[in-house]
Amino acid sequence: MIKVDIISGFLGSGKTTLIKNLLESINDERVVIIENEFGQIGIDKEIIQKDGFDIIELQNGCICCSIKLNFKDTLLKVINNFNPTRIIIEPTGVGLLSEIITMINDSKLNEVLSLNSLITVVDGVNYFEYIDNFGEFFEDQIENAQIIIISKSQLIDKNNLDNIIKSLRNINKNAHIIHENWSNISFLKLFEVLNLLSDEISDNLDCKNRKDVTENMKSIESISINTLKSYSVEEIEDIFKNLSENTFGNIIRCKGFVDSGDCLLEFNYVNKQYTIKQRVKNTNPKLTIIGTNLKKKDLLKTFE
């Protein structure tokens, strides 16, 4: 049977970073990563690209909504064309974990796939804001997880961290919660734990209390841009300041690459917090912006 690891989490929680670390722990396996991008342009493939692993992108929609049939067909093609021993699925940040579990439980897929782990990455810094704003939609990813990893825990004081863990426990009483600084986690050990726990879920893929949260999901929209401009770090920082002031709508997530002369600037913006770093020119400049009430014309003028 082919092992399937599903790594879910809301926009900007750190799913891609986790996958990059997990790949360092994998040896002698044929691994395929399925990336589900909410926007029309794929970003994460370039971020996690690693020799020896195949990455498949599903774009412009979430697995549990508009591209449901495409997702099943993609899985079958991956199985036939790559003959993997492990498939890692990273759903879009607005994907419902309950829906994805149901799709994996398809009778045809069940013959060859074994659900190895259900992991949800939770953004500790923005946790309570997201719980308040996205409610049951956000909770679906937590409720159906086997393991919950709290990212950015080093930025949270102990009292807030305790409150987050208490809240998570109210939603999911049985999940294993990891909240150490990610740099202190042995991801090889994490896979060993997952393999030990896999028997608990392999015989029961039914999701828990799936809710109708489609209206909440419909409020989230995206814009994807292939930008031709060249930017300095200071210019990108100025744009991010405007994003933080809600000049262009409520920006939850902005990620991508822009030209900066001799190199690319890779940036990651999550709810008013951001990182910018230089990287070699091994991809085209492009970016995706996700949020609510987006002023798309103004965003296009800013980046094009």
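Because only heavy atoms are used, hydrogens play no part in the values below, and waters and symmetry mates are left out as well, while side chains stay in. Remember, predicted model here, so these are calculated numbers, not experimental data. All residue numbers refer to positions in the sequence shown, counting from 1.
Side-chain atoms of Ser114 do not come within 3.5 Å of backbone N or O of Ile2 as any donor-acceptor pair. Between the Asn242 side chain and the Thr247 main chain, no donor and acceptor come within less than 3.5 Å of each other. With hydrogens and angles disregarded, no donor-acceptor distance shorter than 3.5 Å links the side chain of Thr85 to the backbone of Glu29. A distance-only check finds a donor-acceptor pair linking the side chain of Ser151 to the backbone of Val122 [under 3.5 Å]. Side chain of Arg86 to main chain of Asp5: no donor-acceptor pair is present (N/O by atom type, distance under 3.5 Å, no hydrogens or angles). Although no hydrogens or angles enter the test, the distance criterion places a donor-acceptor pair under 3.5 Å between the side chain of Ser8 and the main chain of Ile119. Side chain of Lys229 to backbone of Asp259: no donor-acceptor contact under 3.5 angstrom is found. No donor-acceptor pair closer than 3.5 Å links the side chain of Ser260 to the backbone N or O of Cys263.
In terms of heavy-atom proximity, Ser98 sits nearest to Asp140 at OG-OD2, 2.7 Å. Taking both residues in full, the closest heavy atoms of Gly261 and Ser230 are given as N-OG, 3.6 Å, listed atom of the first, atom of the second, then distance. Shortest non-hydrogen contact noted between Asn172 and Arg169 is O-NH1, 3.2 Å. Of all the heavy atoms in Ala145 and Thr120, the pair that sits closest is CB-OG1, 3.3 Å. Shown here for Ile131 and Glu139, the closest heavy-atom pair between the two residues is CD1-CG, 3.8 Å. When all heavy atoms of Tyr231 and Ile239 are compared, the closest pair comes out as CE2-CD1, 3.9 Å.
Counting heavy atoms of neighbouring residues, nucleotides and ligands inside a 6.0 Å radius, atom CD of Glu237 exceeds 12 of them. Counting heavy atoms of neighbouring residues, nucleotides and ligands inside a 6.0 Å radius, atom NZ of Lys241 does not exceed 12 of them. Heavy-atom contacts from other residues, nucleotides or ligands closer than 6.0 Å to CG of Asp157 number more than 12.
The one candidate from Ile223, Asn226, Leu287, Asp298 that meets the side-chain contact (heavy atoms from CB on, under 4.5 Å) condition with Phe303 is Leu287. Screening Asn271, Ile289, Val270, Asn293 against Ile251 for a side-chain contact (heavy atoms from CB on, under 4.5 Å) leaves a single residue, Ile289. Of the listed residues (Leu161, Ile156, Ile149), just one forms a side-chain contact (heavy atoms from CB on, under 4.5 Å) with His179, and that residue is Leu161.
Atom CG of Asn250 and atom CG of Leu243 lie 10.5 Å apart (nearest 0.5 Å). Taking CD1 of Ile276 as the start and CD1 of Ile236 as the end, the distance is 6.5 Å to the nearest 0.5 Å. To the nearest 0.5 angstrom, Ile290 atom CD1 is 8.0 Å from Ser224 atom OG. Once rounded to the nearest 0.5 Å, the distance linking CZ of Phe134 with OG of Ser219 reads 6.0 Å. How far CD1 of Ile6 is from NZ of Lys15: 13.0 Å, rounded to the nearest 0.5 Å. Rounded to the nearest 0.5 Å, atoms CG (Asp132) and CG (Asn126) are 11.5 Å apart.
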Begin from the C-alpha positions of Lys272 and Tyr269 and carry the test side chain to side chain contact (heavy atoms under 4.5 Å, CB included) through to its verdict. CA-CA 7 Å; Lys272 300 180 174 60; Tyr269 175 99; 3.8 Å; yes
Worked check of side chain to side chain contact (heavy atoms under 4.5 Å, CB included) between Leu264 and Thr283: CA-CA 9 Å; Leu264 288 177; Thr283 187; 3.6 Å; yes
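Between Glu221 and Lys296 there is a salt bridge, since at least one side-chain N of the basic residue sits less than 4.0 Å from a carboxylate O of the acidic one. Look at Asp162 and Lys166 and you find no salt bridge, because none of the NZ, NE, NH1 or NH2 atoms lies under 4.0 Å from a carboxylate O.
Side chains of Leu113 and Ile79 form a contact here, defined as non-hydrogen atoms less than 4.5 Å apart. Residues Ile104 and Leu75 form a side-chain contact, since some pair of their non-hydrogen atoms from C-beta on lies under 4.5 Å apart. Side-chain atoms of Phe10 and Gln141, non-hydrogen and from C-beta on, do get closer than 4.5 Å to each other. By the 4.5 Å heavy-atom criterion applied to side chains, Phe138 and Tyr127 are counted as neighbours. For the pair Asn268/Arg253, a side-chain contact is recorded, criterion being any heavy-atom separation below 4.5 Å from C-beta on. The side-chain heavy atoms of Pro84 and Val78, taken from C-beta on, include a pair separated by under 4.5 Å. Counting heavy atoms from C-beta on, the side chains of Ile33 and Glu35 come closer than 4.5 Å. You'll find the side chain of Ile220 reaches within 4.5 Å of the side chain of Thr292, heavy atoms only.
Between Phe240 and Tyr274, the ring planes lie tilted relative to each other; the angle falls in the 30° to 60° range.
When only modelled atom types and interatomic distance are considered, Glu90 and Thr16 share a side-chain donor-acceptor pair under 3.5 Å.
Hydrophobic clustering, with ILVMFWY side chains joined whenever heavy atoms are under 4.5 angstrom apart, groups Val233 together with Phe267. Cluster annotation: Met1 and Ile87 are assigned to distinct hydrophobic clusters (Ile/Leu/Val/Met/Phe/Trp/Tyr, side-chain heavy-atom contacts under 4.5 Å, transitive).
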